[in-house]
Every structure is written in C-alpha cells, then in structure tokens.
A.B. asks: 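The structure that follows is given in the form of structure tokens.
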Amino acid sequence: MGKSVLARAAEPRGWDEALLLDAGLLAESDHALTMAGVGLDAVVATFGTPTFVYNTDVIAERYRCYVTAFAECGIPLRVRYAVKANSNVAILGMLASEGAGADIVSGGELARALHAGVPPADIVFSGVGKTTTELHEAMGHGIGAIHLESLEEIGRVAQVAGAGRYQIDVGIRVNPGVMTETHPYVSTSQVGIKFGIPLDQVAEAAQAIEAAPGLTLTTLGIHLGSQLFDVAPYVDALERVLTARAELEERGLGTSLRILDIGGGLGVRYHKESPITPSHFAGSLAPLLKRSGLSIQAEPGRWLTAPAGVLLTEVLYRKHSGGKDFLIVDAGMNDLMRPSLYRAYHHILPLVAHPGTPRPVDVVGPVCETGDWIAMERSLPPLPSGSHVAILGTGAYAFSMGSNYNARRRPAEVVVSQGRMALARRRESYEDLYRGESPNPWPSSTDRT
Ligand SMILES: *Cc1c(COP(=O)(O)O)cnc(C)c1O
C-alpha cells in the first residue's frame, strides 16, 4: 500500500497478523494494543466502553491505495464513498478532504454528507425507495446525480424536477443478472431481487428519461453486492452493461452518457479470507473500462473503512452454563449487529496479552435476545471481569447499523491518527434516548384517560 506505516511493517505471518496490519494495530507482548500510536487502554480510560475507534490514517491510506490502483492503469477514478458503511461526519469530512464524494441512500445520509462538507455536486443518490421529500431535498441542494432503480421512479423524479424546475443528471442502476458468492442478504445483482433496473428494461428506462424535460441520462451503473472476492462477476456485469449501451446507441438513445459506475463491493479480511487487492481489481477491469470511453466512478464503502475500526468492550461477567463457558461483555447486538444478522466473524483480541490457556467461550452481550452474540466457541484466555477486548473489523456496517434496542445508549466513536485521539461522537445520554417523547403526549386540555 505505497509508502505507508503498513508497508513498513513486516509481511504478515498469518491471517491474524494480517488483521492487525490491516487495522494499523500493534500488539507488543506485555503492552496494551495500540492503534495509530494510541494505546487502546488510554481510549478506554478516557471514553469508557463500549466505544468504537477508527484509525483515520488507515482509512486515508486505503482511499489513496484504491484511487492509485486505477490511476496506475491510466484511469482517473471518481470515488463516491458509500456513506452507509460508516456515516460518522468526521469520517465523511476526512474522505471529502481526500477528494471523495458520497453515495447516499437516504435524506439522513444527505444531511450527514452536507454537514461534513461533501460538495453537493459530488453526491450521488442511490436506493430503491427514495421518497418524494427526499428527492426534493436532493435536487434542492443540487446534488450530482440520482441513480434510478425502477421505471416508476423515473416518473417520480421527473415530476419533482418539473415542480421545482430542477435540471438533474440521472443514472440507471442496472441489475445485470449475475450471481455473486456472498451472504444472500448482501447480494444485490441476481435476477429476481429488488435492486436495479433489469437489462430488458434499460432501453425503456432510457427512453423515459430522455423524454422527461428536467432529466439528463449521464450514468450507467452497477452495484453487485458486498464482501466480494472475485472480479469475474464485475467483468461479466460490465460486459452486459456495455452491450446494453451499444443497443441503446443503435436506437439513438443514451447519447448523453458520460459515466460508468462500477459500484462498491470489494471484500475485506475479517478472518481467513484472501481479499483481492485494488490493483488486481483495477487491472482486471481496466481493458473493459477503457474500451467504454466513459469516465469511471466507484462507490466503495466497506473496503475503505471496515478494517480501520475496532469496538472496545469490557468483560462484565464469566459464566458456566449447560456445559458451555460464556463471556458477557458490555457491547451487544444493538452496537454490532453483523454476528446476529449474518453470522459474521469478528476477531477478538484482549487489549493486554493474557497468559492463561485459551479455551472456547461464547462472547455475548447484555441484550435480552438469545441472538445477542458477538462470537461463538471462540478460543480466548480466561479474561477476568473488568478486562477489555477489541473487536476487529468494525469500521463498517457496525455503528451505522446500530440501534437503541433495550434502551441502550449508542456507543462513543473515537478517531485516532498519528499518535492522537479525538472524540468523533459522544456516547449518547439517557436524555438522548427519550428526546422527542413525552409521558403525556395528549394536548393539555385533554385528560390522560
Ligand atoms: C452499499 C452500497 C455500496 C457499498 O458497498 P460496499 O460493499 O460497502 O463497498 C455501493 N453502492 C451502493 C449503491 C450501495 O448500496
């Protein structure tokens, strides 16, 4: 990854060392884990637990690595960071200062991106269910483009553009009908799922867009799914999209197309996976991308931020039940949903190396659901109550998927960089939990009955 902290470290000897390298973590035998030169024990002492920590040095470096990979193939890449992966405005602001735009999927993400200082022109709006209000807001702020996902949505966008006299660039998110090998919940490109406009409706969509006065068709795009480890589906899908474009041209359509959007989806290492590198990814797609003659845009999310985050949590109790050992920690499924939702693996490291013999334990949270688990049968040393662990790979789809279930306050988020730490979001207060609620919501003239 270029002239980086990571590259200067030794080659990883195994998947567990590779995970440390990916996160910019350093584990020296009798010291607490450090991240970007900051002791994670100091983060715990200052901000408590549970707390997410993001290494912004690593995120910036991964961003540059991604862009450079395409540049080295002669492709200037526009990045629209997928905000849903990690939408903390400190992360969005940092990425914007590196040159990234934003790929948003809601009015809330639009507000976050604008608040973080992402230039409106660098924002694209994706998603299958944009509301009229959200479309108004997006066009009112002059965002770069709206990516359309159904024929009916074209009519809605045209209506909103007409009412507000907006001129808006739009893209067609094509569902290319290719299979990807990932968790079914994050596969978004097969025939018969809700995402994108199917290939056989692309011409009709282009025609409808070109007939609408305020709309200009600038982009054809795909987003195949998430946590992908193979370039073949991208090649397959992009070939299909370029064929569709050729068919549009034959019919005199799509003459205003300027951009080809390859989506996100590049996979990361959570455990023993072997992710493809951006240079392999870019190199494999380059001939096809160049042949298109279009400007290339990508929407990475997970790849930029997932490895750069850890969730710090405290061991509350140990317990033996039904022949099993449990480690009860103060982070739960409301803070980190991926294990419950996808049966996802997240590596767990004690903040300070523990001499005891590792034994399999189930690491579970305090939430009143049996599905509230962080790790099953994980080999860990006998960590006493009051000790702390770091849950790796939690820089994406972690805090952003979190909830307040069980009236749990959402954790603090801390950024670390070059030996310094800063609070990027304070831990929620109890008042935050019932803001906007009232024990007696009836107007004062009415009785409580
Ligand atoms: C979620 C999403 C992405 C990002 O996916 P990652 O796997 O996090 O890279 C990109 N584009 C769209 C339209 C998305 O919905």
Side-chain angles (χ1 to χ4, degrees), residues 59 62-63 65-67 69 77-87 91-92 95 100-106 108-110 112-113 122-130 138 143-150 153 170-176 180-189 193-197 219-231 233-234 237-238 241 259-270 273 275-278 281-282 285 296-309 337-338 341-342 344 393-401:
I59 298 173
R62 292 178 79 84
Y63 173 79
C65 169
Y66 196 99
V67 173
L77 185 73
R78 301 145 57 106
V79 171
R80 303 292 177 252
Y81 166 64
V83 170
K84 72 177 186 288
N86 183 329
S87 58
I91 305 294
L92 300 181
L95 283 169
D103 171 44
I104 58 163
V105 293
S106 72
E109 287 190 354
L110 172 63
R112 284 183 166 279
D122 295 345
I123 298 175
V124 300
F125 194 178
S126 307
V128 289
K130 308 176 196 78
I143 71 159
I146 294 177
H147 289 180
L148 302 162
E149 300 220 16
S150 66
E153 190 190 3
V170 301
I172 296 176
R173 172 169 173 189
V174 179
N175 177 346
T180 51
E181 274 182 38
T182 186
H183 191 285
Y185 291 0
V186 293
S187 173
T188 59
S189 55
I193 52 122
K194 71 173 180 178
F195 293 101
I197 294 182
T219 307
L220 286 181
I222 53 167
H223 171 63
L224 300 182
S226 203
Q227 189 63 348
L228 306 179
F229 295 98
D230 188 3
V231 286
Y234 285 92
L238 289 168
V241 168
I259 300 163
L260 182 61
D261 189 321
I262 63 172
L266 211 56
V268 300
R269 183 188 292 111
Y270 289 104
E273 305 92 335
I276 48 176
T277 60
F281 183 57
L285 300 184
I296 307 303
Q297 182 166 296
E299 306 165 347
R302 187 192 307 272
W303 196 87
L304 296 179
T305 58
M337 200 183 184
R338 298 188 68 259
L341 186 61
Y342 311 123
T394 50
Y397 304 108
F399 186 97
S400 63
M401 290 182 116

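We count ligands from 1, going down the list as the structure has it; atoms in each ligand are counted the same way.
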A.B. asks: Return the set of residues passing salt bridge (charged side-chain N to carboxylate O under 4.0 Å, His left out) with E149 (not counting sequence neighbours), or none when no residue passes.
C.D. replies: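 Partners of E149 under the salt bridge (charged side-chain N to carboxylate O under 4.0 Å, His left out) test: R173.
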
A.B. asks: Do V174 and I197 come close enough that some side-chain heavy atom pair is under 4.5 Å?
C.D. replies: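 V174 vs I197: side chains apart.
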
A.B. asks: Can you name the residues that form a salt bridge (charged side-chain N to carboxylate O under 4.0 Å, His left out) with R302, not counting sequence neighbours?
C.D. replies: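 Testing R302 for salt bridge (charged side-chain N to carboxylate O under 4.0 Å, His left out), a comparison that skips the adjacent residues, returns none.
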
A.B. asks: Is it true that the NZ or CZ of K84 lies under 6.0 Å from the centre of Y397's six-membered ring and within 45 degrees of the ring axis?
C.D. replies: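 Here K84 fails the 6.0 Å and 45° test against Y397.
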
A.B. asks: Report all protein residues having a heavy-atom distance below 4.0 Å to some atom of ligand 1; order the list by chain, then number.
C.D. replies: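 Close residues (ligand 1, cut-off 4.0 Å): A82, K84, D103, S126, R173, H223, S226, G264, G265, E299, P300, G301, R302, Y397.
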
A.B. asks: Can any side-chain N or O of R338 pair as donor or acceptor with the backbone N or O of A344 at less than 3.5 Å?
C.D. replies: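 No, the answer is negative, given that no donor and acceptor are paired below the 3.5 Å cut-off.
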
A.B. asks: Residues in ring-ring contact (aromatic ring centres under 6.0 Å, His included) with F229, at least two apart?
C.D. replies: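 Partners of F229 under the ring-ring contact (aromatic ring centres under 6.0 Å, His included) test: none.
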
